[in-house]
Structure formats: structure tokens, C-alpha cells
Chemist: 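Below you will find the structure I want to go over with you.
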Amino acid sequence: QARFVESGGGWVQPGGSLKLSCVASGFPFSGAVMRWYRKAPGMEREYVASITSRGTFYSDSVRGRFTVFRDDDLNTMWLQMNNLKPDDTGVYFCTAEGINVWGQGTQVTVSS
């Protein structure tokens, strides 16, 4: 069964940086389309970024500030988040296309 374990969240001041990790298991990671989502308090879960064999893709709200990358040998994906803003606050989740399984997520809080 697919499983996702996110980590690396925390509290950071506006303008700061965090690097999130996603360790996946239970499915063929290599070549899988991997995605990051986030859920802010009182909001629906929203798409953040994805990484495929064709490249990386980002939502308009994070493009230019966030970078997604992966290591298929480690079954791991990362999200480097720079110049964080209060609107980036939320629980961040990773998942794979076609797999309706969610991990616990990791909390990111951006505030002064």
C-alpha cells in the first residue's frame, strides 16, 4: 500500500526558507508524477507543485520561490521554499498521481 511521510516543516519569519521532504513507499516511485499540496486553515487543499519526467510545474502563487526536486534512488521528493510569506502557512502534503492516499503532512507556519 502506498505511503507518504512528510517532514521538515516548522515556524519561520516572512522571507525565510524551509526545505520539506517526502519519503514515499509502496508503489513504483521512479517515473511517478509526484505532487505537493497544502491546506491552509479554513481553506480547501490546493495544488503547489509537481515533478514529472517532463519537468517541474508550479502554482502561480509559488512559482519563482519554490523548487521541487527528487531522487528516485531514495524514493524521496523535496520542496525547497524560499522567500516565504504568511499566505504560505498551512499543512503540506505530498502524493503521487493516481494514488488516493495522503500522509499526515507537515505544518509550515510563516509569521513574525
Chemist: Could you measure the distance from the CZ atom of Phe27 to the CG atom of Asn75? Nearest 0.5 Å is fine.
Modeler: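 Here the interatomic distance stands at 7.0 Å.
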Chemist: Please name the pair of heavy atoms, one in Asn83 and one in Ser17, separated by the smallest distance, quoted to 0.1 Å.
Modeler: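 Where Asn83 meets Ser17 most closely, the heavy atoms are N-OG, 4.3 Å.
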Chemist: Are Ile99 and Ile51 connected in the hydrophobic side-chain network, where two residues link if heavy atoms are under 4.5 Å apart?
Modeler: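 In one cluster: yes.
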Chemist: Under the salt bridge (charged side-chain N to carboxylate O under 4.0 Å, His left out) rule, collect the residues that match up with Arg45, sequence neighbours excluded.
Modeler: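 Expected list: none.
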Chemist: To the nearest 0.5 angstrom, please state how far the CD atom of Gln104 sits from the CZ atom of Arg3.
Modeler: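 The CD atom of Gln104 sits 9.0 Å away from the CZ atom of Arg3.
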Chemist: Rounded to the nearest 0.5 Å, what separates atom CG in Leu18 from atom CD in Gln80?
Modeler: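 Going from the CG atom of Leu18 to the CD atom of Gln80 covers 8.5 Å.
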Chemist: Could you state whether Phe57 and Met81 fall into the same hydrophobic cluster, counting links through intermediate Ile, Leu, Val, Met, Phe, Trp or Tyr residues with side-chain heavy atoms under 4.5 angstrom apart?
Modeler: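 No, it is not one cluster - the side chains of Phe57 and Met81 are not joined through contacts under 4.5 Å.
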Chemist: Do Leu79 and Val12 land in one hydrophobic cluster if side-chain heavy atoms of ILVMFWY residues count as linked below 4.5 Å?
Modeler: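 Same cluster: Leu79 reaches Val12 through Ile, Leu, Val, Met, Phe, Trp or Tyr contacts under 4.5 Å.
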Chemist: Does the side chain of Ser111 pick up a donor-acceptor pair with the side chain of Trp11 at under 3.5 Å?
Modeler: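 On atom types as modelled, these side chains qualify, holding a pair under 3.5 Å.
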Chemist: Could you state whether Met34 and Tyr58 fall into the same hydrophobic cluster, counting links through intermediate Ile, Leu, Val, Met, Phe, Trp or Tyr residues with side-chain heavy atoms under 4.5 angstrom apart?
Modeler: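 Same cluster.
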Chemist: Please say whether more than 12 non-hydrogen atoms of neighbouring residues, nucleotides or ligands are located less than 6.0 Å from CG in Asp71.
Modeler: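 Correct, the count exceeds 12.
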Chemist: Give every donor-acceptor pair under 3.5 Å between a side-chain atom in residues 36-44 and any protein atom, sequence neighbours left out.
Modeler:
{"unit_1": "Arg38", "atom_1": "NE", "unit_2": "Glu46", "atom_2": "OE2", "d": "2.6"}
{"unit_1": "Arg38", "atom_1": "NH1", "unit_2": "Asp88", "atom_2": "OD1", "d": "2.9"}
{"unit_1": "Arg38", "atom_1": "NH1", "unit_2": "Tyr92", "atom_2": "OH", "d": "2.9"}
{"unit_1": "Arg38", "atom_1": "NH2", "unit_2": "Glu46", "atom_2": "OE2", "d": "3.2"}
{"unit_1": "Arg38", "atom_1": "NH2", "unit_2": "Ser61", "atom_2": "OG", "d": "3.4"}
{"unit_1": "Lys39", "atom_1": "NZ", "unit_2": "Met43", "atom_2": "O", "d": "3.0"}

Chemist: Hey, what else clusters with Leu74 if you join Ile, Leu, Val, Met, Phe, Trp, Tyr whenever side-chain heavy atoms sit under 4.5 Å?
Modeler: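 Members alongside Leu74: Phe69, Trp78.
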Chemist: Which heavy atom in Gly31 sits nearest to a heavy atom in Asp72, and how many Å separate them?
Modeler: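 Distance-wise, the nearest heavy atoms are N-OD2, 3.7 Å.
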Chemist: Does one hydrophobic cluster hold both Met77 and Val101, with members joined at side-chain heavy-atom distances below 4.5 Å?
Modeler: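 Hydrophobic grouping puts Met77 with Val101.
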Chemist: Roughly how far, to the nearest 0.5 Å, is OG of Ser21 from CZ of Arg70?
Modeler: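 The CZ atom of Arg70 sits 14.0 Å away from the OG atom of Ser21.
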Chemist: Could you state the interatomic distance from CG (Leu20) to CZ (Phe93), rounded to the nearest 0.5 Å?
Modeler: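 Separation between the atoms: 12.0 Å.
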Chemist: Please examine the side chains of Leu84 and Phe66, heavy atoms only from C-beta on, and report whether any two atoms are closer than 4.5 Å.
Modeler: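 When only atoms from C-beta onward are counted, Leu84 and Phe66 do touch, with a gap below 4.5 Å.
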Chemist: Where is the tightest heavy-atom contact between Ser50 and Arg35, given as atom of each residue plus distance?
Modeler: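 That closest heavy-atom pairing would be CB-CG, 3.6 Å.
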